[in-house]
Protein chains: 2
Amino acid sequence: MILSTKGRYGLKIMYELALNYGNGPMPLKEVAQRQQLSETYLEQIIAHLKKGGLVTSIRGAQGGYELIRKPEEISVGEIIRTLEGPLAPAECVLDDEPECTKAEYCVTRLIWEKIMESINNVIDSITLNDMVDDYYKLKQKKEGEK
Amino acid sequence: MILSTKGRYGLKIMYELALNYGNGPMPLKEVAQRQQLSETYLEQIIAHLKKGGLVTSIRGAQGGYELIRKPEEISVGEIIRTLEGPLAPAECVLDDEPECTKAEYCVTRLIWEKIMESINNVIDSITLNDMVDDYYKLKQKKEGEK
DNA sequence: TGAAATCCGACTTAAACGGTAGGAATTAAC
DNA sequence: GTTAATTCCTACCGTTTAAGTCGGATTTCA
């Protein structure tokens, strides 16, 4: 049940853009360096984020990417679902799926629904701004330990 | 983030064994028929359940499988983790993983931890007996609609 | 002895994952 | 107007995993 790198790296991209929010466009190269990830691979991922309406891009030299909204208005859930699709533990709980008629009564479906609901609750309640806050808290804590 | 068939079918197997609990061993063939799944494939899955100490088997004619404990003493979480391993959305939150040092501070990790915790909360709070109860409720409801 | 079961391991096919590579288009700065 | 930095686009590629199938050995009840 591990999330693919698309979702994981994508969230990291968005987090870096959130840290940089307000300072103009950030080139993907910088994101890749800060997170130690392949730039060419991140290109593919950020294309989805752009298509999904979460970032804008400025082409050419001094260009880069920017969040399309304020960090407090973008939830982790929005990001992950944009990249991974709905986070269902089984296909049968997706909206467009017909009810499964294979078994007499599909009781496992109730389980998948509960799991999905609880995942969505978590990720929809966290925004990029919360992550930025966490960053500063961690930083402060670590510097206090010196 | 979809669970593999190992976990999904495995839970269905366990649920059928729970429905049958107290009536002696249930042959896998019957499970496969009731759930409309491939018997030979289920063989592989139930081998893991046996190895994981969740079912016992009786070989030979009139043999089959049985839950090793009462349905109310087996949680869905136990079953799924036996088949799928820990349900982490990223490897870095597993116990044996070292803390990632790639980025300055790993803030996404906090997200994965929260997701994992919430999934575990859900699946650990449901037992096979709850599923059996759901079955009878669904059945009653459906018959009432006639 | 035969039928019904579990048990075991090898094989297979297709898709997904996690990238790499090459180049075209755009734009700011000099 | 050239150059360097950047986004954009699409094709390719090797490895792993998923989801089974298959054939047969073994056990046991009737």
Side-chain angles (χ1 to χ4, degrees), chain A residues 1-13 16-17 20 23-52 54-68 80 83-85 89-92 102, chain B residues 1-13 16-17 20 23-52 54-68 80 83-85 89-92 102:
Chain A
M1 267 270 290
I2 275 177
L3 225 55
S4 74
T5 51
K6 220 156 89 178
R8 284 172 10 237
Y9 294 180
L11 182 56
K12 291 186 181 206
I13 294 173
E16 289 293 343
L17 295 184
N20 187 64
N23 301 328
M26 185 181 197
L28 199 54
K29 195 177 180 180
E30 204 179 322
V31 176
Q33 277 167 355
R34 289 178 57 92
Q35 291 287 335
Q36 307 252 66
L37 298 171
S38 148
E39 184 190 345
T40 54
Y41 188 40
L42 292 190
E43 270 180 24
Q44 286 183 41
I45 296 173
I46 207 166
H48 292 285
L49 291 170
K50 193 187 170 188
K51 206 171 155 195
L54 292 175
V55 305
T56 46
S57 62
I58 292 112
R59 301 186 69 171
Q62 322 310 317
Y65 295 91
E66 270 178 348
L67 296 186
I68 209 158
I80 295 185
L83 295 170
E84 302 271 346
E91 280 148 5
C92 74
K102 281 173 128 186
Chain B
M1 267 271 290
I2 275 176
L3 225 55
S4 74
T5 51
K6 220 155 89 177
R8 284 169 14 234
Y9 294 180
L11 182 56
K12 291 188 181 203
I13 293 173
E16 289 293 342
L17 295 184
N20 187 65
N23 302 329
M26 185 182 198
L28 199 55
K29 194 178 180 179
E30 204 178 321
V31 176
Q33 277 166 356
R34 289 179 57 92
Q35 291 286 337
Q36 308 251 65
L37 297 171
S38 148
E39 183 190 347
T40 54
Y41 188 40
L42 292 191
E43 270 180 23
Q44 285 183 41
I45 296 174
I46 206 164
H48 292 286
L49 291 170
K50 194 187 171 189
K51 206 170 155 196
L54 292 174
V55 305
T56 46
S57 63
I58 291 111
R59 301 187 68 171
Q62 325 310 315
Y65 295 90
E66 268 177 350
L67 297 185
I68 209 157
I80 295 184
L83 295 170
E84 303 269 347
E91 280 149 5
C92 74
K102 281 173 130 186

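Just so it is clear: chains get the letters A, B, ... in the order the sequence lines come, proteins before strands, and each one is counted from 1. The structure displayed is predicted, hence computed values, not measured ones.
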>> Does A/Y65 form a side chain to side chain contact (heavy atoms under 4.5 Å, CB included) with A/I13? I'd like the steps, not just the answer.
In response: CA-CA 10 Å; A/Y65 295 91; A/I13 294 173; over 6 Å; no
* Nucleotide interval of DNA chain C bounded by contacts with chain B (heavy-atom cut-off, under 4.0 Å) ->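 So the outermost contacting nucleotides come out as C/dA4 to C/dA10.
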Give me the atom names and distance for the closest heavy-atom approach of A/K6 to A/L83.
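In terms of heavy atoms, the two residues are closest at CE-O, 3.1 Å.
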Between A/A32 and A/S38, which heavy-atom pair has the shortest distance, and what is it?
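So the two residues come closest at CB-C, 4.4 Å.
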Considering only heavy atoms, which members of residues 26-37 of chain B lie under 4.0 Å from some atom of DNA chain C?
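Heavy-atom contacts with DNA chain C come from B/P27, B/L28.
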Inset, instruction - Take A/K12 and A/L42 through the side chain to side chain contact (heavy atoms under 4.5 Å, CB included) test and state the conclusion after the steps. - result: CA-CA 10 Å; A/K12 291 186 181 206; A/L42 292 190; over 6 Å; no
Report task. Report yes if some heavy atom in the side chain of A/S4 is under 4.5 Å from a heavy atom in the side chain of A/E84; otherwise report no. Result ->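 Counting from C-beta outward, A/S4 and A/E84 do come under 4.5 Å.
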*Measure the shortest side-chain to side-chain distance between B/L17 and B/N20 over non-hydrogen atoms and say whether it is less than 4.5 angstrom.*
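No, too far: nothing below the 4.5 Å cut-off.
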- Would you say A/E16's side chain and A/V31's backbone share a donor-acceptor pair under 3.5 angstrom?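 Pair absent, no side-chain N/O of A/E16 close to backbone of A/V31.
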Discussion item. Over all strands shown, is A/K51 touching base, sugar-phosphate only, or nothing at heavy-atom distances under 4.0 angstrom?
Written reply: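 The residue A/K51 makes no contact with any strand.
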Nucleotide by nucleotide, nucleotides 18-30 of chain D touches protein heavy atoms under 4.0 Å in the pattern (B base, S sugar-phosphate only, - none) -BBB----BBBB-
**Asked** Could you state the NZ-C1' distance from A/K50 to D/dT6, rounded to the nearest angstrom?
**Response**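 Result: 12 Å.
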